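First comes the structure, then the notes that go with it.
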Amino acid sequence: MKIEGKEYHTIWFENYTVKIIDQTKLPHKFLIKDLKTVKDSINAIKTMEVRGAPLIGATAAYGMVLAIIENNDQSFLKTSARELINSRPTAINLKWAVDRMMNKLSGLNSDKILEIALNEAQLICKEDISFCESIGINGLKVIEEIYNKKKDTVNILTHCNAGWLATIDWGTATSPIYHAHKKGIPVHVWADETRPRNQGANLTSYELNEEGIKNTIIADNTGGILMQRGDVDMCIVGTDRTLANGDVCNKVGTYLKALAAHDNNIPFYVALPSSTIDWNTKNYKDIPIEKRNSEELSQIEGLDENGNIKKVQIYPKKSKAMNLAFDVTPAKYVTGLITEKGICEASEKGLKNLFK
Ligand code: MRU
């Protein structure tokens, strides 16, 4: 998708270096950063220079490529794989991508190992782009249906950033929106600010602006009253891990939006590529929910009067703060899962029908 009119992907490989867009500086500065070692990749994932389930998967896959460049040794590869998987615990794409890389690389004694690793990492990215595009084509039908009834702008609420910045291109939740916009359907997005890191304001609103899509940032607690007033036609969110029974783990606050949508009879869709399905975990209570640094809550970053990015303390110094990054929305509150293979019911039956 575009930034200042120029097409970008969120990650690419050039001259033995992985290039990323540093998302911690957006929307104030657009910076491309070099990752040269596996530690650089781990650090980029931990500090959320890259974030979003599919993108951290891709960064980990490229991290394995960097590990080979650094030290082509099987035990180093194994340690690197473990450290990459542990860099963020909730999004399943991370483990999925590293396992996929290790399936190709484990025990491989070939002078072509680097080429094989690079091909696989690039294939993961290529597939993600095509899956996200298909999610857009499939999700477009839902937006189109609402538009055909309403004959007016379709108001869509989304939470966090499941946009192209969270993937390689297109996004998951935003892909149907981009497709609708390209088809000339008038859409307007309510972007939940998404405290504490404000991915909705800093990233979703930013990327929609760059594509010319109307959007309004709202405080996280505003969705409820907008739904009661009839100002939301549908919700689409992304997910970091969807269980085979259809339970959806996503950025904290998603669950409350789903409850409000349910109470107001508003369709609540979750968009995901199959790499985000966790077929093994049976109970949502077994999903590791990331607890992040409380300073993400108590301090906030913005531009000062001289245009410099500055961090300030906003809570009483003595107060304790707790920062859980994700929650789980039970399948019963999800209207449908929009995947690359079509839309299905959020249930084991629904998912298994699409992914045999
Ligand atoms: O903590 P983040 O910014 O990585 O959380 C991102 C989300 O919760 C997204 O909704 C999710 O990764 C979906 S990715 C298309």
Side-chain angles (χ1 to χ4, degrees), residues 1 10-11 20-24 26 44-60 87-97 125 127-129 131-136 139 157-178 189 191-207 220 235-242 248-258 268-278 287-293 296-297 323-329 334 337-340:
M1 308 300 283
T10 50
I11 190 163
I20 58 161
I21 297 167
D22 180 354
Q23 299 193 19
T24 61
L26 291 175
I45 296 170
K46 279 189 175 163
T47 59
M48 295 175 68
E49 286 167 350
V50 288
R51 29 68 51 208
L55 179 57
I56 59 180
T59 308
S87 57
R88 284 195 79 191
T90 303
I92 195 74
N93 305 59
L94 189 49
K95 181 171 171 2
W96 169 85
C125 292
E127 277 177 15
D128 191 67
I129 296 171
F131 288 175
C132 285
E133 187 171 14
S134 301
I135 287 168
L157 184 140
T158 191
H159 190 67
C160 197
N161 174 262
W164 76 271
L165 290 167
T167 65
I168 315 303
D169 206 348
W170 288 108
T172 57
T174 55
S175 187
I177 299 169
Y178 288 131
V189 177
D192 279 353
E193 180 193 35
T194 320
R195 284 282 292 145
R197 292 187 66 105
N198 297 347
Q199 294 96 321
N202 293 347
L203 304 176
T204 303
S205 179
Y206 169 79
E207 65 163 80
D220 291 331
C235 305
I236 319 182
V237 299
T239 167
D240 290 83
R241 186 188 292 233
T242 288
V248 169
C249 182
N250 191 44
K251 180 55 55 187
V252 70
T254 303
Y255 173 42
L256 293 178
K257 293 300 131 60
F268 188 91
Y269 283 93
V270 179
L272 66 147
S274 48
S275 52
T276 308
I277 304 170
D278 177 352
I287 299 174
I289 300 290
E290 181 179 13
K291 195 171 180 181
R292 293 186 63 87
N293 197 321
E296 287 184 349
L297 276 160
N323 186 10
L324 284 182
F326 299 93
D327 63 22
V328 182
T329 301
V334 177
L337 301 173
I338 308 173
T339 76
E340 74 267 19

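Everything quoted here is computed from the prediction, not taken from an experiment. Just follow the structure's listing: the first ligand is 1, and inside any ligand the first atom is 1.
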So, using side chain to side chain contact (heavy atoms under 4.5 Å, CB included) as the criterion, who are the partners of I129 when residues are at least two apart?
H9, I168, D169, W170
Just checking, is any N or O donor in the side chain of Q199 or R51 under 3.5 Å from an acceptor N or O on the other one?
no
Contacts of type side chain to side chain contact (heavy atoms under 4.5 Å, CB included), residue T47, not counting sequence neighbours:
N43, E49
Look at the side chain of R197 and the backbone N and O of A325, then say whether any donor-acceptor pair between them is shorter than 3.5 Å.
no
Would V237 and T329 count as a side-chain contact (heavy atoms from CB on, under 4.5 Å) here? Give the steps.
CA-CA 11 Å; V237 299; T329 301; over 6 Å; no
Got a sec, which residues hit side chain to side chain contact (heavy atoms under 4.5 Å, CB included) with A53, two or more places apart in sequence or on another chain?
A91, N93, D240
Pairs under 3.5 Å, N/O atoms on ligand 1 and on the protein: can you put them in a table with the distances?
unit_1: ligand 1; atom_1: 1 (O); unit_2: R88; atom_2: NH2; d: 2.8
unit_1: ligand 1; atom_1: 1 (O); unit_2: K251; atom_2: NZ; d: 2.7
unit_1: ligand 1; atom_1: 3 (O); unit_2: R51; atom_2: NE; d: 2.9
unit_1: ligand 1; atom_1: 3 (O); unit_2: R51; atom_2: NH2; d: 3.1
unit_1: ligand 1; atom_1: 3 (O); unit_2: Q199; atom_2: NE2; d: 2.8
unit_1: ligand 1; atom_1: 4 (O); unit_2: G52; atom_2: N; d: 3.0
unit_1: ligand 1; atom_1: 4 (O); unit_2: R88; atom_2: NH1; d: 2.9
unit_1: ligand 1; atom_1: 8 (O); unit_2: D240; atom_2: OD1; d: 2.9
unit_1: ligand 1; atom_1: 8 (O); unit_2: N250; atom_2: OD1; d: 3.1
unit_1: ligand 1; atom_1: 8 (O); unit_2: K251; atom_2: N; d: 3.3
unit_1: ligand 1; atom_1: 10 (O); unit_2: N250; atom_2: OD1; d: 2.7
unit_1: ligand 1; atom_1: 12 (O); unit_2: A53; atom_2: N; d: 2.9
unit_1: ligand 1; atom_1: 12 (O); unit_2: D240; atom_2: OD1; d: 3.3
unit_1: ligand 1; atom_1: 12 (O); unit_2: D240; atom_2: OD2; d: 2.9

